Amino acid sequence: MSMFTRKMRMLTAVVLEKDRDNVVKALLEKGVMEFVHIDSLPADKMHKLSAHSSEVPKAVLSDMRIRVETLMREGGIRIPELDKKDIEELPKLDIDDYRRTLDKLTLSLQSVRDNQKAINQDINSISEIIRYAEEKKEEYLDLRVGVNTHGSSSDLLQRLKMVGGIFLFDRKPFISLTLRRDSQRITDAMDKFGWTESTDADAQKSAEGEAVAAAKAWIESSKSDLDKLSKDAALKIGERESELRSMWISLRIHELCEHVESYFSYTKNTTLFSGWVPEDDSESVESIIYSVTGGRCIVEWTNADEVPREEVPVEMTSPKIFRPFERMVQNYSTPEYGSINPTPFTAIAYLCMFALMFADLGQGFILLLVGIIGTSIYKKNPMKKDGIISRYLCNLLLYLGPASMFGGLLFGSCFGFSLIPALWFNFDAVVEGETVGGIIQDIYDILGITIRFGIIVIFLGLVLNWINLIRKRRFYELIFDKNGLVGGALYALGIWFAWGFVGSGYKTFPSSWFMMPVLVSALVIILLKEPVGFVIKKVRKEDAGSIGHLVMSTIMEFLVEVLEIFSSFLSNTLSFMRVAGLGIAHASLMAAFYDMADMPGNIIAKILIMILGNVLVIVLEGLSAGIQSLRLNYYEFFTKYFTGHGIAFRPVGLRSKVVSD
């Protein structure tokens with residue numbers, strides 16, 4: 001694992017037209033290159049190049065591949081993974097034949113889908129009637145109880161079913177329950193068969209309940225029919241599994257080839273292409289191109305420092321163990337190229353915060369168990385759609401569970417009980433006001449722990465920011481920025497000042513020989529920020545504005561910067577008190593549930609209350625702790641050093657996800 005984002009190099013190569021296809025296949029197999037359009041050549045040479053023209057547009061290939069994938073998923077067929085063998089044995093692309101095959105298979109499934117559609121429409125219609133009946137919204141319903149005086153009741157039933165509703169004609173009097181909006185059509189059909197309403201008051205009274213009960217039973221039966229139809233469709237598709245898999249492989253590889261070749265430019269006999277490659281893969285990529293072309297090529301490399309930083313793609317190299325936290329970073333933004341990889345720092349900070357907020361050995365074990373079971377289910381069913389507990393959450397619980405268990409060991413908590421000796425101090429006892437001895441005496445001491453933790457996190461963020469600025473040679477920001485050296489100095493001074501005040505029992509402010517020199521020096525540096533920037537612009541011959549504007553901006557920038565440094569660092573530090581707040585709330589909720597469990601004399605009721613309490617705490621407090629840990633990382637930690645202006649590195653290879661232009 002590298003502490004920084006992965007180093008990149010840009011490849012530009014020229015190969016003969018006859019070697020193009022082999023080069024494309026070799027690069028797809030390697031799968032480490034992100035292609036870019038050729039736009040850096042001199043303008044007088046660009047007109048000599050022509051763009052790639054394909055026999056089958058990529059959009060056609062993509063649409064047909066998606067069509068095949070839809071059928072495969074319906075048939076429970078797993079999407080294959082491509083490898084070198086698939087490229088070597090790639091069959092000739094025959095779009096017309098593929099289209100005929102898919103049309104034929106789709107036509108054979110049409111009757112099944114028509115039946116599914118009809119059943120779903122009936123279920124939706126009848127479910128609406130049931131909902132109105134259960135909600136007592138009689139104004140939306142039309143209930144009729146009676147018999148027909150002439151004609152066939154089966155013919156009447158067929159007419160009524162064309163309108164839609166709940167009809168019980170296997171008994172007398174007949175029952176019809178429909179939507180009020182269809183009442184006129186129902187009346188027209190019934191009048192032709194001489195419908196007569198029943199005068200039986202009991203039958204009228206119980207009719208709606210009987211109709212709803214029968215409709216619910218019908219819906220359950222219809223769902224079974226839908227399952228059977230789905231299995232029939234899957235069986236028909238499964239009979240063509242081999243053909244569909246072969247078709248998908250062909251379409252996918254040709255689609256990838258078209259995607260790669262769309263970045264190529266051509267002369268009469270040569271092909272020119274360019275793209276980004278990780279520095280540690282550059283030698284192997286160059287070797288592959290030379291090998292495939294038999295040396296008939298020209299390969300040139302451009303280092304990333306020769307290109308504007310914002311144009312270089314970014315890849316974070318983190319061990320597999322950090323993958324869930326890498327996704328957290330990516331959800332926030334992509335870091336700038338050449339900056340520190342935030343993933344390991346995010347993982348450590350997140351797990352520490354969660355352990356402090358949700359410290360319980362037993363409940364942590366439940367989280368771990370859920371993560372293990374969920375991960376196992378998803379691995380056994382790779383095509384299973386994500387539920388409320390998604391794949392990502394299951395993977396994350398494999399880390400959060402042990403973190404919570406470790407916190408429980410530190411604070412001696414297991415399912416809210418002090419069943420085990422605390423390695424540090426008894427958190428629950430402190431919350432309940434008991435004296436536990438040691439340095440932790442009350443809730444204020446717990447708040448102090450989290451504030452200290454927040455100070456460490458904030459200072460770590462500042463140090464990481466300084467490292468990033470030094471690597472980017474942004475020394476002006478390193479010195480003058482609020483998250484630079486001057487901001488760090490003022491923050492350290494503020495922490496020292498507050499620490500001394502609290503240590504004296506809130507009686508006296510600390511004083512030392514270095515306090516005033518540090519404070520005055522930091523304020524002078526902030527005051528010089530605008531004048532130094534003015535001089536730099538003058539040296540670079542940029543528009544620096546007038547002297548009057550400089551004076552005004554210096555005064556305003558000084559006041560705003562000082563106020564922002566003190567207020568933002570203070571709020572950032574105090575924000576970590578929410579870590580203690582969530583931990584205290586967790587202990588208090590468990591204590592409340594156990595007090596409730598002591599109220600009933602029934603042992604079964606007591607056990608049920610304790611189980612319910614633990615379930616609610618695991619779900620609600622676990623969710624809150626996870627969200628607050630994420631919030632503190634994003635808004636208190638990332639804001640100190642994270643620069644999210646990067647472009648994610650997306651190499652194209654056989655295992656790439658769906659590619660887009």
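Please read these numbers as outputs of a predicted model, since none were measured by experiment. Hydrogens, waters and symmetry mates play no part in the numbers below; they use all other heavy atoms, side chains included.
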(request) Kindly say whether the aromatic ring centers of F273 and Y263 come within a distance under 6.0 Å. (result) no
(message) Quick one, I249 and L82 - any side-chain contact, counting heavy atoms below 4.5 Å?
(response) yes
(message) Contact between Y399 and F354 at the side-chain level, heavy atoms closer than 4.5 Å - yes or no?
(response) no
(request) Assign the ring pair F642 / F638 to parallel, tilted or perpendicular, where the plane angle (0 to 90°) is split at 30° and 60°. (result) parallel
Does the [X] side chain pair with the main chain of [Y], one donor and one acceptor, at a distance under 3.5 Å?
| X | Y | result |
| --- | --- | --- |
| Y634 | M328 | yes |
| T5 | M316 | no |
| R471 | G338 | yes |
| W276 | A304 | no |
| S404 | F358 | yes |

For residues 22-30, please give each side-chain donor-acceptor pair under 3.5 Å, one per line with the distance, not counting sequence neighbours.
{"from": "K30", "atom 1": "NZ", "to": "S284", "atom 2": "OG", "distance (Å)": "3.4"}

(message) Is there a side-chain hydrogen bond (donor to acceptor under 3.5 Å, both in side chains) between S318 and E326? Walk through the geometry before answering.
(response) CA-CA 7 Å; S318 304; E326 187 173 293; 3.1 Å; yes
(request) Using only heavy-atom distances, determine whether the side chains of Q116 and N120 contain a donor-acceptor pair under 3.5 Å. (result) no
(message) Test: side chain to side chain donor-acceptor pair (under 3.5 Å). Region: residues 368-382. Which pairs qualify, not counting sequence neighbours?
(response) none
(message) Does the structure place the NZ or CZ of R327 under 6.0 Å from the centre of the six-membered ring of Y392, at an angle of no more than 45° from the ring's axis?
(response) yes
(message) Let's go through E17 and N269 carefully: what are the C-alpha distance in whole Å and the side-chain angles of both, what is the deciding distance for side-chain hydrogen bond (donor to acceptor under 3.5 Å, both in side chains) to 0.1 Å, and is it a yes or a no?
(response) CA-CA 5 Å; E17 177 67 17; N269 298 309; over 6 Å; no
(message) Closer than 4.0 angstrom, basic N to acidic O: yes or no for E336 and K472?
(response) yes
(request) State plainly whether the residues K228 and D225 are in salt-bridge range, i.e. N to O under 4.0 Å. (result) no
(request) Could you list the residues that satisfy side-chain hydrogen bond (donor to acceptor under 3.5 Å, both in side chains) with D63, not counting sequence neighbours? (result) none
